[in-house]
There are 2 protein chains.
Amino acid sequence: MKTMTKVKGASALPLNQIMGGDCVEVMNSLPENSVDLVFADPPYNLQLKGDLHRPDNSKVDAVDDAWDQFSSFAAYDRFTRDWLKAARRILKPNGAIWVIGSYHNVFRMGAELQNQGFWILNDVVWRKSNPMPNFRGKRLTNAHETLIWASKQEASKYTFNYEALKSLNEGVQMRSDWVLPICTGHERLKDENGDKAHPTQKPESLLHRIMVATTNPGDVVLDPFFGTGTTGAVAKKLGREFIGIEREEAYRQVATKRIEKVRKFDKESLVVSASKRSEPRVPFGQLVERGMLRPGEVLTSLNQRYSAKVRADGTLVANDVKGSIHQVGAALEGAPSCNGWTYWCFKREGKTVPIDLLRQQIRAEMTERPN
Amino acid sequence: MKTMTKVKGASALPLNQIMGGDCVEVMNSLPENSVDLVFADPPYNLQLKGDLHRPDNSKVDAVDDAWDQFSSFAAYDRFTRDWLKAARRILKPNGAIWVIGSYHNVFRMGAELQNQGFWILNDVVWRKSNPMPNFRGKRLTNAHETLIWASKQEASKYTFNYEALKSLNEGVQMRSDWVLPICTGHERLKDENGDKAHPTQKPESLLHRIMVATTNPGDVVLDPFFGTGTTGAVAKKLGREFIGIEREEAYRQVATKRIEKVRKFDKESLVVSASKRSEPRVPFGQLVERGMLRPGEVLTSLNQRYSAKVRADGTLVANDVKGSIHQVGAALEGAPSCNGWTYWCFKREGKTVPIDLLRQQIRAEMTERPN
DNA sequence: CGTACAGTTGAATCAAGCC
DNA sequence: TGGCTTGATTCAACTGTAC
C-alpha cells in the first residue's frame, strides 16, 4: 500500500504513510504544488479552565491535552500562520483546503486564510444531530462546528462534484449546512482502558462528504493533524491517496492499525454522477445533417413568443436576426445570453418539444456505440 | 416615545431615536458603560464582480451599494476595529454584543472581537429555510449566515434567559443553529417604485429571538447600522429601548415611519409570542384522553431504571413523586430537567417505544386536518 | 371563497475553452 | 492576458391572477 511517487521530477511523495514530527517541518520537506487537497483539524485553542460536571455529577472528559494549550491569541495566530503557509506551498495551483474549527479558533483561521490569498468558496456548518448539551444552562447548546472550504487562489479551477452532492441530497443542491451525527458507537476508537483514544475524533461521514465533493479518485489528500486517521481511513475507502502527519506516537499507532483494516470500495461504487458539461458536445448542425430537423422547418421559443427558421448550415433566421441557436434566442429576448438547446422547440405528432431532446438522442447513440 | 434618560449622572441617552452621521462618532458622543446590548449588522464587504443571471436570464439584484465597498482587507479591518472599539466603550460591564455576517467578513469580525477582549459566548448559525440557490452549480448553496454573541469581557454577568429560549424550543435547550426564513413578503419594506427599500433587511424573527434571549424589558439596545430599523421595531414590540444610528437619510426615513406604526405588545401577548412553537404543542394529557395510553398504564424510563403510572389527568406517579412527565423524570434522575417525551417509554406488542412516537402521530393528524 | 398555476425573488466573493 | 464563442444553471416562499 505504501508507495513513493515521483512528481514532475521533484522529490518523492510519501503516499499512504503517516509521518511523525512537526507538521510544518514535514510539509516543508515535501515538493511544492504536489497535493490536491489539504484537510486540517488543528487544535481548537479551547482554553478550558475548571472541570465540568454533568447534572449527575459525573465529570465531562474534556480536551485538556498539552497540544491544545496556547499562551495567547498571538501564539495561536503564529501557529496558524505557519502551518497554513506550509500547506499552501505544497498545494497544487488548482488545489483546495478544508479546515474545521469552533468559535474558539475558526475566526482566526478564516482571517488568516484570507490574508494568505486563499479564496474562500464556502463556509460549511456541521450541524451535530447529537451534540453535548449545555449543562449549566448559561449559553446555547453548542451544536455545530464550522468548516471553511477555500481554493489556493482566486483563479484556481477547484474540483467540485456538483451532481454527486446533489444526488447525496435527494436531487436538490447541497446546502452549506450539513446535518451529521458526532462520532460514537463502534466507529469511536477506544484505547486499552476503554477510554476514547482521541478526544476530537471526527465522523467518517464528514470526511466522506468532503472527499466525494471536492476530490477525484487518485487525488492526494494531506492531513497535517492526522490524529487517529479518519482522513486516511476514508481516503482508502474512496480510492484516494493520503499523506498523514501526526506528532504523537500513540495516535500514529492507533491510526496505522485502523487504516490497515479498511477495505477500498469496489470501483463501481466509487463512480459519482458526472456534471452535464462533461457530456460530449453536439453541434446543432448535426441535427440538420442527420435529418432530425429539415432546413426550412420552423422552431418556436419556449414561451411561444418567437419563431425562427432552420437553415441548411445549422443557423437560424428570425426577422432580421440570424446566427446560432443561442445568438438568435439571446437577440430576440434581449438577453445577454441564451441556452438555445432548451429555448427552441419543434413540433412532432402535435406536441411541442425542446430541441435538446434530439441532442439527448444523439448522445445516447454515442454512448451505446462510441465511434 | 422619544425620551432622554440620565445615566448615573452622566450625559443623557437619546432613547428611541435614530441618529444620523458616522456610527463611530455618534457612539463616542454617548456616555460610557450605558448600553445593555449592541446588535450590529455591518457591511459584509462582498466584493462582487460581474452581473449574475438566473437560468431564465433574469438579473439577480445583488448588493452593489457604495456602503459595501472597501478597498482591501486592511481597510475593512480598520473599519471593524474602530466601530467595535466604540461599541465596547458604551457597553455596560455586564453588556453583550451580537454581530452578524457571512464568510466574507465574519472571520475578521470574530478575530477582532477576541483581540479587543470581548468574550465569545456562542457563534450562532442562522439557517435560512429559503435561501437563494447557487445558479452556476459551482459551490454549495450558501444557506446560512453566522452570528456571534459575546460579552464585553470574560467576567461579565451577561443576560441569558435560558428558560424562555427553552420554551421557544419545545422544552429542550435552544441550540446554536436557528432555522428562520429570510425577510420576504409583507414584512419586506418596499420603496415607492416597489423595489426593496434596503438590500439586506433582516427578519424580525431573528431580532425577536436575540432580544428574548439576551435582554430584559427596559434594557437599552443600540444598533450602529440601523438600516430600515428592524432592531427598533422589535425592541418597541418587546418593550425594550433602542438607539439607532444610520448614515443614510433615506433609510432613516423608512425606519422612522416603520417604527411609528409598531405597537408594543401588551403583557399577555408578549407571553404568547414568547412561547410560539414551530410545531403544534401536544399536551401529554391528550394521549390519555384519546385512549392512546390508559390511565393506570405503567411507563418505564429509557434506561429501564424507573417506572411510573399514568393518571387520568395526564400526570405521572412514581413512588412519592408526582407531576408532569418532565417533572417526574427529572426528579427520579436527580437532574435539573428532563424531556419526558423521549424519556418515558410504553409497551406495544412486546416492543418498548418512547411516548414521543404517539405525539408524532398526533402531529401528523393535525397536519392532515388542521383543526 | 378556496385552489391552481404562473411569475418573481433572496447579502453571490458563481464558467470554460479557444485563439 | 483579453476578447469572443459556446452554452450551463435554481430552491423555497411568496404574489397575483384565473377559475
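Reminder, nothing fancy here: chain letters follow the sequence lines and each chain counts from 1.
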5'-most by nearest nucleotide on DNA chain C - B:N142 or B:C183: B:C183
Touch class at under 4.0 angstrom, heavy-atom based, for B:D68 against every strand present: base
Atom pair CD/CG of A:Q327 and A:L332 - distance to nearest 0.5 Å: 11.5 Å
Per-nucleotide pairing state of DNA chain D [Watson-Crick or G-U, under 3.5 Å; [ ] pseudoknot-crossing; | other strand]: .|||||....|||||||||
B:L52 CG to C:dA12 C1', straight-line distance once rounded to whole Å: 6 Å
C:dT9 and D:dT10, which share atom name C1', separated by this distance in whole Å: 11 Å
Pair B:R188, B:T184: side-chain N/O donor-acceptor within cut-off below 3.5 Å: no
Span that lies between the C1' atom of C:dA11 and that of D:dT15, in whole angstrom: 23 Å
Side-chain donor/acceptor contact of A:R359 with base of D:dG7 under 3.5 Å: no
Separation of C:dT9 P from B:N57 CG (nearest whole Å): 15 Å
Which nucleotide in D:dT10, C:dC14, C:dA11 has an atom nearest any side-chain atom of B:K138: C:dC14
Listed nucleotide nearest any side-chain atom of B:P55, set C:dA11, D:dT10, D:dG7: D:dT10
Between D:dG7 (P) and A:L287 (CG): distance, integer Å: 12 Å
B:S58-B:R54 side chain donor-acceptor pair, cut-off 3.5 Å: yes
Side-chain N or O of A:R281 closer than 4.0 Å to phosphate OP1/OP2 of D:dT6: no
B:K49 vs C:dA12: side-chain N/O to OP1/OP2 distance below 4.0 Å: no
A:N303 and A:E333: side chain donor to acceptor below 3.5 Å: yes
Sugar-phosphate, base or nothing in reach of A:E154, heavy atoms under 4.0 Å: nothing
Base versus backbone protein contacts along nucleotides 12-19 of chain D [heavy-atom cut-off under 4.0 Å; B, S, -]: SSSS----
Sugar-phosphate only, base, or nothing, as touched by B:P42 at under 4.0 Å among non-hydrogen atoms: base
Nearest-angstrom distance, C1' atom, C:dA12 to D:dT6: 23 Å
B:R139 vs D:dT9: side-chain N/O to OP1/OP2 distance below 4.0 Å: no
Nearest listed nucleotide, side chain of B:H104, among D:dT6, D:dA8, C:dA12: C:dA12
Chi angles and distances behind the salt bridge (Lys or Arg N to Asp or Glu O under 4.0 Å) call for B:D195, B:K190: CA-CA 5 Å; B:D195 298 325; B:K190 304 282 182 2; over 6 Å; no
Comparing A:C338 and A:Q173 on DNA chain D - which has the more 5′ nearest nucleotide: A:C338
Sugar-phosphate only, base, or nothing, as touched by B:D51 at under 4.0 Å among non-hydrogen atoms: base
5' priority, DNA chain D, between B:P133 and A:H326 [closest heavy atom]: A:H326
Separation of atom CD in A:Q360 from atom C1' in D:dA8, rounded to whole Å: 14 Å
Under-4.0 Å side-chain N/O to phosphate OP1/OP2 contact, A:Y162 with D:dT10: yes
Nearest-angstrom distance from the residue atom NE2 of B:H53 to P of C:dA15: 13 Å
Derivation of the ring-ring contact (aromatic ring centres under 6.0 Å, His included) call for B:W149 and B:W98: CA-CA 5 Å; B:W149 173 37; B:W98 284 85; 5.6 Å; yes
Span that lies between the C1' atom of C:dC1 and that of D:dA18, in whole angstrom: 14 Å
Pairwise distance CG(B:D123) to CG(B:L147) - rounded to 0.5 angstrom: 9.5 Å
Nearest-nucleotide 5' precedence on DNA chain C, B:H198 against B:G137: B:H198
A:K166 side-chain N/O to D:dT10 phosphate OP1/OP2 under 4.0 Å: yes
Phosphate-side-chain proximity, B:R136 and D:dA8, N/O vs OP1/OP2 below 4.0 Å: no
Step-by-step salt bridge (Lys or Arg N to Asp or Glu O under 4.0 Å) determination, A:D177 to A:R127: CA-CA 7 Å; A:D177 52 321; A:R127 182 187 188 264; over 6 Å; no
Distance between P atoms of D:dG7 and C:dC19 (Å, rounded): 14 Å
Sugar-phosphate, base or nothing in reach of A:I120, heavy atoms under 4.0 Å: base
Between P of C:dA11 and CD of B:Q69, the distance in whole Å: 17 Å
Geometric class of the B:H198/B:W67 ring pair [parallel <30°, tilted 30-60°, perpendicular >60°]: parallel
Interatomic distance where CH2 belongs to B:W126 and P belongs to C:dA11 [whole Å]: 7 Å
Working for ring-ring contact (aromatic ring centres under 6.0 Å, His included), residues B:F79 and B:Y76: CA-CA 5 Å; B:F79 162 77; B:Y76 191 82; 5.7 Å; yes
Donor/acceptor link under 3.5 angstrom from B:K196 side chain onto base of C:dA11: no
B:H144 NE2 - C:dA12 P separation (whole Å): 13 Å
Pairwise C1' distance for C:dA16 and D:dT1, with rounding to whole Å: 16 Å
Sugar-phosphate only, base, or nothing, as touched by B:G50 at under 4.0 Å among non-hydrogen atoms: base
Which nucleotide in C:dG17, C:dA12, C:dA11 has an atom nearest any side-chain atom of B:V60: C:dA12
Exam field: side chain B:K196 to backbone B:D61, donor-acceptor pair closer than 3.5 Å: yes
Touch class at under 4.0 angstrom, heavy-atom based, for A:N122 against every strand present: nothing
Donor-acceptor contact below 3.5 Å, side chain B:T141 vs main chain A:R175: no
Donor on one side chain, acceptor on other, A:N161 and A:K166, under 3.5 Å: no
